[in-house]
Amino acid sequence: MSYFRTAILLAALTALFMGIGFLIGGQSGMIIALLIAGAMNLFTYWNAAKMVLSMYGAHEVDERQAPELYALVRQLAANAGLPMPRVYIMENPQPNAFATGRNPEHAAVAVTTGLMQMVNRDELAGVLAHELGHVKHRDTLLMTLTATIAGAISMLANFGFYFGGARGNNNNVGLIGSILLLILGPLAAGLVQMAISRTREYEADREGAEISRRPLSLASALRKIAGAAEEIPNIPAERNPASAHLFIVNPLSGAGMDNLFSTHPNVENRIARLNAIAREMGQSGPGRDAGPLAEAAEIAGPWKQPQRRVAGRGPWG
């Protein structure tokens, strides 16, 4: 049902884009707009991951530089049946994480130093499993496409406002119509994009719980991250709010409402769903056996002191 809803929302976003193109330039305007969107999507398909990782100053780490983090990602990826993604660390005090990449074979997961310093091993595993859930369902590509189309709608609306639509045909929207397009077009596109983002976050929570087998640990991590995100600013995210939907928790200050203008579901709603998933798995508390993650602990080394800092980055190397 969630996939059907996502497909409907994406179709609505595309129809909105083409409709604005038609209002501005008639049939030819609609075709030109569609070609522009196709070119933009093609560019972002190949370059979005590099762009967003560079935007947040993420640097890639390997097994020697961050052995515990790398081993945990490797074990979780194996649990999910995914290729090993590239692993990145962002020097950022706000605890958060995101995944990117056009497909599972070219995926990357990135975590902040603030996250590694705040959470314990099981909580980090839950966060990483959530991001791998996005990779598994190709949400990283979907959200790139929706963000691109939403951006193209804003561009078209601005074009329609400054040029007043197509002159000399019945499709000219006029000054009043141009102003409405300028306001309502991007607003409608943003609302659809946010609805898609919230749908995929719920699904990634469920997939992450299944990958890690620790839904309560993911719930605990979400509570910690959400609380800290309200107090610790994420400067790169504030400068690039269009990328906020990538993170596991909204990185923008003052954004916690589960309403039309939120890119993420309310954290309490997500935690309630994770508690329900835990009950489905027969778990009633966080102290249960870690299951398949025990192997990761053996590979990664000592996990007895989760707040131990190594090389200034926290317990994860």
Side-chain angles (χ1 to χ4, degrees), residues 66 68-69 71-73 75-77 79-80 87-90 92-99 109-135 198 200-232 234 237 244-251 255-256 258 263-279 281 283-293 296-297 300 303 305-309 313-317:
E68 298 176 350
L69 173 65
L72 188 55
V73 173
Q75 182 60 40
L76 290 167
N79 292 348
V87 182
Y88 287 80
I89 292 177
M90 298 171 282
N92 192 316
Q94 184 188 87
N96 230 316
F98 67 81
V109 293
V111 299
T112 66
T113 50
L115 178 68
M116 294 188 294
Q117 291 168 357
M118 177 169 289
V119 301
N120 62 36
R121 168 188 163 267
D122 286 344
E123 291 166 341
L124 181 63
V127 171
L128 292 170
H130 169 100
E131 298 305 331
L132 291 175
H134 280 308
V135 172
R198 293 197 300 268
R200 302 322 305 157
E201 286 301 318
Y202 279 129
E203 287 303 307
D205 283 344
R206 173 170 287 278
E207 187 66 35
E210 293 177 356
I211 292 172
S212 68
R213 306 300 299 174
R214 297 299 294 243
L216 295 173
S217 293
L218 174 55
S220 175
L222 288 175
R223 191 180 298 277
K224 287 184 179 181
I225 296 170
E230 295 178 359
E231 303 293 334
I232 304 172
N234 187 327
H245 66 280
L246 294 174
F247 287 87
I248 188 171
V249 166
N250 197 330
D258 191 8
T263 58
H264 292 67
N266 180 273
V267 169
E268 293 302 323
N269 292 343
R270 296 171 69 181
I271 290 173
R273 291 195 180 198
L274 287 166
N275 287 335
I277 293 171
R279 290 192 294 271
M281 293 181 174
Q283 299 178 18
S284 58
R288 298 178 65 86
D289 178 53
L293 292 179
W303 299 89
Q305 301 176 6
Q307 297 303 318
R308 177 176 56 87
R309 297 190 179 187
R313 280 196 187 133
W316 315 111

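Values below: every heavy atom of this structure, side chains too, minus hydrogens, waters and symmetry copies. Everything quoted here is computed from the prediction, not taken from an experiment.
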About how many Å separate [atom2] of [Y] and [atom1] of [X], when rounded to the nearest 0.5 Å?
| X | Y | atom1 | atom2 | answer |
| --- | --- | --- | --- | --- |
| N120 | S217 | CG | OG | 6.5 Å |
| R213 | D122 | CZ | CG | 13.5 Å |
| I248 | R270 | CD1 | CZ | 5.5 Å |
| I225 | T112 | CD1 | OG1 | 8.0 Å |
| N96 | M90 | CG | CE | 7.0 Å |
| H245 | E201 | NE2 | CD | 9.5 Å |

Does L132 form a side chain to side chain contact (heavy atoms under 4.5 Å, CB included) with N79? I'd like the steps, not just the answer.
CA-CA 10 Å; L132 291 175; N79 292 348; over 6 Å; no
Applying side-chain hydrogen bond (donor to acceptor under 3.5 Å, both in side chains), can you list everything that pairs with N234, at least two apart in sequence or on another chain?
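side-chain hydrogen bond (donor to acceptor under 3.5 Å, both in side chains) check on N234 returns N92, Q94.
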Just jot down the side-chain hydrogen bond (donor to acceptor under 3.5 Å, both in side chains) partners of R223, sequence neighbours excluded, or say none.
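With neighbours one apart ignored, the set is E268.
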Search all heavy atoms of [X] against all heavy atoms of [Y] and return the closest pair with its distance.
| X | Y | value |
| --- | --- | --- |
| A244 | P251 | O-CD, 3.5 Å |
| V109 | A99 | CG1-CB, 4.2 Å |
| A66 | I89 | CB-CD1, 4.5 Å |
| A229 | N250 | CB-O, 4.0 Å |
| T113 | P93 | OG1-N, 4.4 Å |
| A228 | P95 | CB-CG, 3.4 Å |

ring-ring contact (aromatic ring centres under 6.0 Å, His included) contacts touching residues 112-133 (sequence neighbours left out):
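Non-adjacent pairs meeting ring-ring contact (aromatic ring centres under 6.0 Å, His included): H130-H134.
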Would you call M281 and E210 a side-chain contact if the rule is heavy atoms closer than 4.5 Å?
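Contact flag for M281/E210 side chains = yes.
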A side-chain contact here means heavy atoms from C-beta on lying under 4.5 Å apart; do V111 and L69 qualify?
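Heavy-atom side-chain distance check passes, below 4.5 Å.
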Do any pairs count as a salt bridge (Lys or Arg N to Asp or Glu O under 4.0 Å) and have a residue in residues 123-133, sequence neighbours left out, and if so which ones?
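Every salt bridge (Lys or Arg N to Asp or Glu O under 4.0 Å) pair that includes a residue of residues 123-133, provided the two are not neighbours, is E123-K224.
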Pairing residues for L274 by the side-chain contact (heavy atoms from CB on, under 4.5 Å) criterion, not counting sequence neighbours:
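For L274, the residues satisfying side-chain contact (heavy atoms from CB on, under 4.5 Å) (neighbours in sequence not counted) are D205, A209, P215, L218, A219, L222, I277.
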What pairs with R206 under salt bridge (Lys or Arg N to Asp or Glu O under 4.0 Å), at least two apart in sequence or on another chain?
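With sequence neighbours excluded, R206 shows a salt bridge (Lys or Arg N to Asp or Glu O under 4.0 Å) to E280, given in chain and number order.
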Show your reasoning for whether side chain to side chain contact (heavy atoms under 4.5 Å, CB included) applies to L124 and R121.
CA-CA 5 Å; L124 181 63; R121 168 188 163 267; 5.8 Å; no
